[in-house]
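When a residue number appears, it is its place in the shown sequence, counting from 1. Just so you know, these numbers use all the heavy atoms, side chains as well, and skip hydrogens, waters and symmetry mates. All ligand and atom numbering here is 1-based and tracks the order in the structure.
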Amino acid sequence: MIAAQLLAYYFTELKDDQLKKIDKYLYSMRFSDETLRDVMNRFRREMENGLGRDTSTTATVKMLPTFVRSIPDGSENGDFLALDLGGTNFRVLLVKIRSGKRRSVEMHNKIYAIPIEVMQGTGEELFDHIVHCISDFLDYMGMKSARLPLGFTFSFPCHQTSLDAGILVTWTKGFKATDCEGEDVVELLRDAIKRKEEFELDVVAIVNDTVGTMMTCAYEEPTCEVGLIAGTGSNACYMEEMKNIETVDGNEGRMCVNMEWGAFGDNGCLDDIRTQYDQAVDENSLNEGKQRYEKMCSGMYLGEIVRQILIDLTKRGFLFRGQISETLKTTGIFETKFLSQIESDRLALLQVRAILQQLGLDSTCDDSIIVKEVCGTVSRRAAQICGAGMAAVVDKIRENRGLDHLDITVGVDGTLYKLHPHFSRIFQQSVKELAPKCDVTFLLSEDGSGKGAALITAVGCRQRELEAQQH
Ligand code: BGC
């Protein structure tokens, strides 16, 4: 017993000792309540800029109209094809929605790889590849002759002028195919389908993954009027009052706005809280200077921030016996899944060392204590600033509606949110503290992107029929 206590004491001492040494390097990543409140207020200002007629063209948080004007009402019906591009996987789906008393959604899907040379090749190659995958899927389902309506979940910022037109503003995450930015991606898809000359499809809607997520959750829970993705990328959407969206004509009702919040900070407004590590990650990225907030809080970049810190601490002699290995120099070694594993409470230090060993990093016990602390600090900051963004959103909705208190549901998807052991808890806690007048329920979305695209396509088809009748 005494021996065990001594051992525990020794470890606590050892841990405190190690952590004290590196604290000064992690200090600027630990935010006070005041800083978080400040981030939330800045966020709110950027939202207003994105919505304003005169300020929207230069705004960084773009607040893009989606032409989705209501959540589903249960009357959606039919068979739809959906594509999901821009998340962890590329998928083609067949979604069968049935309305009425026994409403249901049945889905069949297939995952396809998009090789990095296609993600970063020419636009024509990318869209030909997508159509090749659709062709394979239609063969697999035996549905080549059906001319189905299609909803395209395309998880990148797009300027929409209608439900079925979206001009790509800029690629984000790992994509960089040429000749797509500034083009209508629905047309690029239609052109590629024509080139293939094998089947016809009716592209009805282009949908951001946040919007698909919100719609999927709203189908089950009508108080869901916000969508959040905390995964490879980071973004949110919500139902905004039409009268506040000065970039679209009309003042009646609401429209879902794809915020594209990942670009928050691209005008320098977060520079005082960004660190040298954030800058290094940005400089090494495919889109330097862009998506600065996303680079602080999404799955694609958290591991890279950790790697930059570890390199610095190694250079200073606190880690890995001062030796920067080839592994540590390798971009992308720290995938989010390793972060999640390292931070798991159930994991003993020995297991942390085993994971580092797997990554090719030969660590001591002291090293593993430090690595775990670095991972925890980076993911905690991510969850907190993501929470500050969400707090700004729900509080704006509350004010829009002139309420002292708002009950609202947020539909959520994304690997970081779903798989990381602490992210969702810290995120939710931050929202609660920063927006105390809002009671927010978080609803996990199952397959939001595919199902949501199909629901939006169903609404789009119905709208089209109504318009045809009126003319
Ligand atoms: C994109 C958004 C998307 C988010 C989550 C970001 O990089 O710009 O459109 O919603 O990732 O996938």
Side-chain angles (χ1 to χ4, degrees), residues 46-47 50 59-68 82-91 114 119-120 151-160 166-177 180-182 185-186 205-217 226-238 256-266 281-282 285-302 304 336 382 385-386 389-390 393 410-420 423 427 444-445 447-450 452-453 456:
E46 297 297 320
M47 285 171 76
T60 45
V61 178
K62 290 252 170 294
M63 308 294 281
L64 302 167
T66 64
F67 295 84
V68 169
L83 300 181
D84 181 7
L85 181 77
T88 310
N89 296 307
F90 170 56
R91 294 182 315 153
I114 300 210
M119 283 160 84
Q120 297 170 14
F152 184 10
T153 299
F154 183 75
S155 308
F156 302 94
C158 284
H159 262 300
Q160 286 187 246
I167 294 170
L168 175 62
V169 179
T170 177
W171 285 118
T172 59
K173 298 173 278 197
F175 283 72
K176 210 172 177 56
C180 297
E181 290 175 347
V185 285
V186 174
I206 177 160
V207 179
N208 189 262
D209 51 355
T210 54
V211 186
T213 298
M214 179 190 82
M215 293 294 269
T216 303
C217 291
V226 184
L228 166 74
I229 301 285
T232 310
S234 181
N235 191 16
C237 72
Y238 72 100
C256 179
V257 169
N258 165 19
M259 299 176 67
E260 286 300 332
W261 81 9
F264 178 40
D266 290 5
V281 169
D282 185 33
S285 70
L286 283 177
N287 51 351
E288 189 177 346
K290 289 183 180 164
Q291 302 290 104
R292 294 190 194 171
Y293 179 66
E294 174 165 88
K295 285 173 186 164
M296 295 169 84
C297 69
S298 84
M300 177 153 172
Y301 304 99
L302 294 193
E304 274 300 284
T336 318
I385 56 167
C386 200
M390 183 50 71
V393 174
V410 177
V412 194
D413 208 340
T415 42
L416 183 61
Y417 192 93
K418 284 184 167 169
L419 302 181
H420 189 279
F423 184 93
F427 165 79
L444 282 186
S445 135
D447 240 324
S449 298
I456 293 166

* ligand 1 N/O within reach of Glu294 N/O, cut-off under 3.5 Å -> yes
* Asked: Would Val186 and Gln160 satisfy side-chain contact (heavy atoms from CB on, under 4.5 Å), going step by step from the backbone distance to the final call?
  -> CA-CA 11 Å; Val186 174; Gln160 286 187 246; over 6 Å; no
* Structure fact -> Going by the 4.0 angstrom heavy-atom rule, the piece of Thr232 near ligand 1 is neither
* Can you find an N/O atom of Thr210 closer than 3.5 Å to an N/O atom of ligand 1? -> no
* Asked: Which heavy atom of the protein is the closest neighbour of atom 4 (C) of ligand 1, given with residue, atom name and distance?
  -> Asn235 CB, 3.7 Å
* To do: List the steps, then state whether side chain to side chain donor-acceptor pair (under 3.5 Å) holds for Ser155 with Asp209.
  => CA-CA 5 Å; Ser155 308; Asp209 51 355; 3.2 Å; yes
* Looking only at protein heavy atoms, identify the closest one to atom 1 (C) of ligand 1 and say how far it is in Å. => Ser155 O, 3.4 Å
* Step by step, work out the side-chain contact (heavy atoms from CB on, under 4.5 Å) result for Val226 and Met390. => CA-CA 9 Å; Val226 184; Met390 183 50 71; 3.9 Å; yes
* Does Gly262 come within less than 4.0 angstrom of ligand 1, counting non-hydrogen atoms of the residue? -> no
* **Atom indices of ligand 1 within 4.0 angstrom of Ile229 heavy atoms, with elements** => 5 (C), 12 (O)
* Structure fact -> ligand 1 atoms nearer than 4.0 angstrom to some heavy atom of Pro157 are 8 (O), 9 (O)
* To do: Number the atoms of ligand 1 from 1 as they appear, then name those within less than 4.0 Å of a heavy atom of Phe156, with their elements.
  => 9 (O)
* To do: Considering heavy atoms of the protein only, find what lies nearest to atom 8 (O) of ligand 1 and give residue, atom and distance to 0.1 Å.
  => Glu260 OE1, 2.7 Å
* Could you check atom 5 (C) of ligand 1 against the protein and tell me its nearest heavy-atom contact, residue, atom and distance included? => Asp209 OD2, 3.3 Å
* Provide the number and element of each atom of ligand 1 under 4.0 Å from a heavy atom of Gln291. => 7 (O), 8 (O)
* To do: For residues Thr213 and Leu228, report the shortest heavy-atom separation together with the two atoms involved.
  => CG2-O, 4.2 Å
* **Smallest separation among heavy atoms of Ala382 and Leu302, with atom names** => CB-CD2, 3.8 Å
* Asked: At a 4.0 Å threshold, what atoms of ligand 1 neighbour a non-hydrogen atom of Asn208?
  -> 2 (C), 9 (O), 10 (O)
* Structure fact -> Taking every heavy atom of Lys295 against every heavy atom of Ser285, the minimum-distance pair comes out as NZ-OG, 3.0 Å
* To do: Mind checking the CG-CZ spacing from Leu83 to Phe90? Nearest 0.5 Å is all I need.
  => 5.0 Å
* Identify the two heavy atoms, one from Asp84 and one from Ser449, that lie closest to each other, and give their separation to 0.1 Å. => OD2-CB, 3.3 Å
* List the atom of Glu294, the atom of Lys173, and the distance in Å for their closest heavy-atom pair. => OE1-CG, 4.2 Å
* To which protein heavy atom is atom 11 (O) of ligand 1 closest, and what is the distance rounded to 0.1 Å? -> Lys173 NZ, 3.1 Å
